[in-house]
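Chain letters run A, B, ... following the sequence lines, proteins first and then strands; every chain starts at 1.
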Amino acid sequence: MKKQLMTASLLLSAMASFGGGYQLNLQGLRQIAMGGSGTAWPWDASTIVYNPGGLARLKGIQVYGSMAFIMPSTAYGNRDNSGVTSANENTASQTFTPFNFYIGGRVSEDSRFGLGLGIYTPFGSGTKWDDNWLGKYIVQSVDLQTIFFQPTVSYRASEWLSVGAGFVFATGSVDFRQAMPVHGQQGADIDDGQAHLHGSATGVGFNVGAQMKVHDGLQFGVSYRSQVNMDVDGGSAKFTVPASLASSFPNTTFSSRLPLPGILSAGVGWRPVNDLTLQLDLNYAGWNSYDTLRFDFKETTSSLENVRAPRHYRNTLTTRIGACYRISRVVSIMGGAAYDPTPVTNGFVSPDLPDADRVVLTCGMTVKAARGLTLMAAFEGVNGVKRRGDYNYGGFSGVYKSTAATPAIGLYYNF
Amino acid sequence: MKKIYTIGAIAMLFAACRPNANVTTPSTSGNANFTNYLAVGCSFSAGFADNSLTISGQLNSYPQRLFEQFETITDGQGAVAPFILPLVTGDNGYPGPKLVLSTTTYCDATTSLAPKATTLPLDSNGSWQFVGQGNNKQINAMAVPGMRVADLPVMGYAGVNSYARRFFYDPTKRPLDELYARVFNVHPTFFTMWLGIWDVMGYALAGGQGDGTGNAAPVTLNIYNTRDITPVDVFGNLYDSALAAISSTSSYGALMTVPDITALPYFTTVPMNGLTIESQGFADTLMALYSNLNDKVFNLGQNYFIIKDNDNKTRQAVPGELLLLTVPRDSITCAGWGSIKPIPREYVLTTDELQNIRNTTERYNYIIKLKAQERAMALVDMDMFFKSLESGMTYNGIEYSTEFVSGGAFSLDGLHLNPRGNALLANHVITSVNNYYKATIPQTDANKYPGVKFP
């Protein structure tokens with residue numbers, strides 16, 4: 001005899017997917033200001049990230065710190081199946097503060113070896129909607145933070161070639177909240193069930209690169225930042241549901257693997273006149289490793305099943321250009337732009353990260369404030385192309401428009 | 001340094017602008033006019049749910065949702081308040097108690113959540129007679145639970161249907177007269193009409209114990225037994241009369257077809273192959289017991305129940321045949337129903353009976369489609385709606401289906417939709433209306449209304 005009652009199946013459909021918007025290209029102030037380019041030129045200690053090969057070519061030992069203030073914002077209009085769009089919603093305003101810290105340089109004045117350590121946040125950010133917004137049964141909020149620790153060694157093989165490699169240990173956390181489609185006596189909105197998943201993640205990877213200096217005015221660089229699989233183990237999965245459903249949705253733990261994609265970069269830097277540097281970078285990101293989002297619960301029931309949400313991301317090629325003009329011995333200004341196509345294909349545009357092709361405009365300046373001390377400021381404006389997005393897995397369609405404004409400040413000191 | 005300021009200014013401008021999806025389509029009426037909306041129907045249009053009529057059920061009915069969406073129209077042809085429903089006075093049920101989910105212990109000591117009649121006091125006070133406003137006591141939904149097309153010409157119908165008696169102007173007259181009077185008062189510029197479900201439902205709820213051939217004779221004059229299927233020609237003539245009445249103000253409208261009711265959870269929840277045989281000994285016992293039956297199979301595992309068929313003959317059920325939700329679970333579990341005793345015929349829809357229901361429904365719908373074309377009105381294919389629910393409808397993050405309770409769209413009686421289901425249905429109507437009248441009326445967010453309430 002079939003049970004009189006089968007509880008609602010839990011969709012947990014979106015859960016912490018992260019795409020192009022979660023990849024942060026904010027690891028160096030000068031690079032931010034120049035459209036995110038910097039593979040070819042060893043500007044400062046942030047080359048630990050952009051190209052470890054550049055570390056052996058820095059002068060002296062450098063300590064570098066910076067912080068960015070990401071202010072993302074997304075608007076959404078629901079599109080129903082008769083093609084009418086209504087109900088504008090906006091994400092809550094939030095500020096994320098990824099930071100970078102680098103220390104490194106040549107081991108000694110005339111050594112061919114460089115050593116360094118980078119602590120930085122290459123992936124992060126989050127999306128927070130109103131708890132009772134239209135897509136709450138897909139996502140209410142999602143937040144992903146990562147911190148990479150990267151000890152790095154670099155070797156200047158000759159005047160024109162230097163190489164470097166770093167080992168990456170990644171740590172991070174993921175937090176996800178979603179309303180559940182079951183509620184108590186008060187009805188939806190007031191009395192919704194909720195799923196809250198929270199876990200910490202770790203992973204390892206590497207970062208290798210080489211820089212080629214054809215002459216003082218022309219340099220090439222390639223680097224490869226490997227894929228890092230962030231493994232979540234023993235994360236907490238809490239379900240707030242009406243009492244009669246408590247045994248169907250037991251509080252349990254979960255494990256998951258979130259692949260952060262590998263990125264192959266190639267760049268060229270050109271100094272046509274003494275005070276002007278131009279840069280071009282290409283980044284190829286291996287997003288297609290993100291095929292399915294998996295969440296395995298330690299305890300499953302007929303209502304609480306493991307999650308297999310299709311993602312089918314595609315690889316992307318990002319183009320970045322930038323320029324730096326030295327106004328005086330003290331002040332330099334920078335500007336840049338990038339075109340960053342989205343890895344998210346239509347049919348998989350989930351409101352936890354409604355990613356779209358993005359146009360990035362940047363600017364910044366550096367000031368040598370004192371002997372050895374340089375202050376830096378940069379600004380990045382991201383303009384997502386307005387996108388019609390369908391999320392077939394969750395039956396959710398709409399039009400999205402995202403922007404982000406990111407001021408950043410930093411300083412470094414040369415010993 | 002000027003350059004820096006320029007760049008800075010551009011950056012500030014960039015930071016200042018908050019995105020705007022700016023995608024909202026204006027809500028327009030197209031070729032229709034929604035100023036005065038009148039809904040005509042049965043229990044499915046009255047907000048009847050959980051086997052009763054409650055105020056929250058009424059306020060969550062699809063006509064209410066449609067009115068709200070018609071009200072968003074901004075081109076001057078949108079619905080104008082008031083939209084008045086003949087509300088009952090409370091939330092516990094009228095005239096019988098509504099069903100609520102509660103923990104039930106069965107004869108085999110297992111417990112499960114199951115629908116049970118609420119023990120809270122009924123809402124009889126003041127519900128039996130709707131007190132309207134003003135002289136004409138306007139209501140915008142003439143929705144009478146249980147009302148058939150066949151009932152339209154029956155004098156004194158409100159005397160036998162307490163839901164009709166609640167608001168009929170003159171209980172001694174015909175529902176058709178009431179319809180004319182309501183149309184005269186509301187002067188609808190737009191209407192929806194969803195009738196015909198109960199012309200087959202009575203037969204189905206009685207387990208096919210009535211005349212399903214489509215040739216049923218009236219009991220007297222023009223009165224048909226509620227257990228019979230209304231003959232198709234009778235249906236056609238009366239449907240046309242109702243349509244003449246409701247469109248007498250040359251209104252725009254939408255005609256809603258009759259879905260295949262046998263796909264509703266009331267008929268699909270209890271599986272016919274629920275006879276579980278756990279020992280060979282029991283299989284042998286049944287083999288011996290039914291040695292005189294042809295085509296019987298008793299294997300370990302799941303088997304088809306033993307039933308009484310239409311001719312009161314004992315036999316084993318065949319795939320496709322259905323059991324009603326009301327078949328007592330304890331009788332199956334502990335009293336041998338379906339194994340050593342056949343399940344009584346009033347709980348069973350046999351292949352023939354199902355065929356009667358489905359064939360007649362198709363023929364009703366053929367008529368409704370024809371009438372919609374003749375009178376140039378929108379047709380809403382309700383079977384399409386219920387079929388898409390049946391195959392699973394993922395909507396803004398919730399998976400709806402026709403599964404009982406877990407499907408999220410049906411109320412606890414297994415026949416009628418809950419508020420979320422009603423809102424989804426309203427959205428389906430809007431889609432058809434938008435298509436037909438070239439309107440751009442937005443759908444409602446169905447998820448914000450209550451689904452099944454869990455204790």
Rounded to the nearest 0.5 Å, what separates atom [atom1] in [X] from atom [atom2] in [Y]?
{"X": "A:Ser86", "Y": "B:Ile441", "atom1": "OG", "atom2": "CD1", "answer": "12.0 Å"}
{"X": "A:Asn78", "Y": "B:Asp445", "atom1": "CG", "atom2": "CG", "answer": "7.5 Å"}
{"X": "A:Tyr393", "Y": "B:Thr394", "atom1": "OH", "atom2": "OG1", "answer": "9.0 Å"}
{"X": "B:Asn447", "Y": "A:Lys136", "atom1": "CG", "atom2": "NZ", "answer": "7.5 Å"}
{"X": "A:Asp192", "Y": "B:Lys448", "atom1": "CG", "atom2": "NZ", "answer": "13.5 Å"}
{"X": "B:Ile398", "Y": "A:Met180", "atom1": "CD1", "atom2": "CE", "answer": "11.0 Å"}

*Identify which of B:Pro450, B:Gly408, B:Ser401 forms the greatest number of heavy-atom pairs closer than 4.5 Å to chain A.*
B:Pro450
*Counting only heavy atoms closer than 4.5 Å, note whether B:Asn434 contacts chain A via side chain, backbone, both or neither.*
side chain
*asked:* Is there a side chain to side chain donor-acceptor pair (under 3.5 Å) between A:Asn81 and B:Gln443? Walk through the geometry before answering.
replied: CA-CA 9 Å; A:Asn81 61 9; B:Gln443 296 185 0; 2.6 Å; yes
*Show your reasoning for whether side-chain contact (heavy atoms from CB on, under 4.5 Å) applies to B:Asn396 and A:Ile138.*
CA-CA 7 Å; B:Asn396 290 355; A:Ile138 297 173; 5.7 Å; no
_Strictly distance-based, threshold 3.5 Å: is any side-chain N or O of A:Ser244 a donor or acceptor partner for the main-chain N or O of B:Phe454?_
no
_Given 3.5 Å as the limit, does a donor-acceptor pair link the side chain of A:His183 with the main chain of B:Gly451, or not?_
yes
*When A:Val84 is tested against each of B:Ser27, B:Pro442, B:Pro26 for side chain to side chain contact (heavy atoms under 4.5 Å, CB included), which residue passes?*
B:Pro442
*chain B: which of A:Gly135, A:Ser328, A:Gly193, A:Gly184 shares the most heavy-atom pairs with it under 4.5 Å?*
A:Gly184
*Give the minimum heavy-atom separation between B:Arg420 and A:Ala188, together with the two atoms involved.*
NH2-CB, 3.4 Å
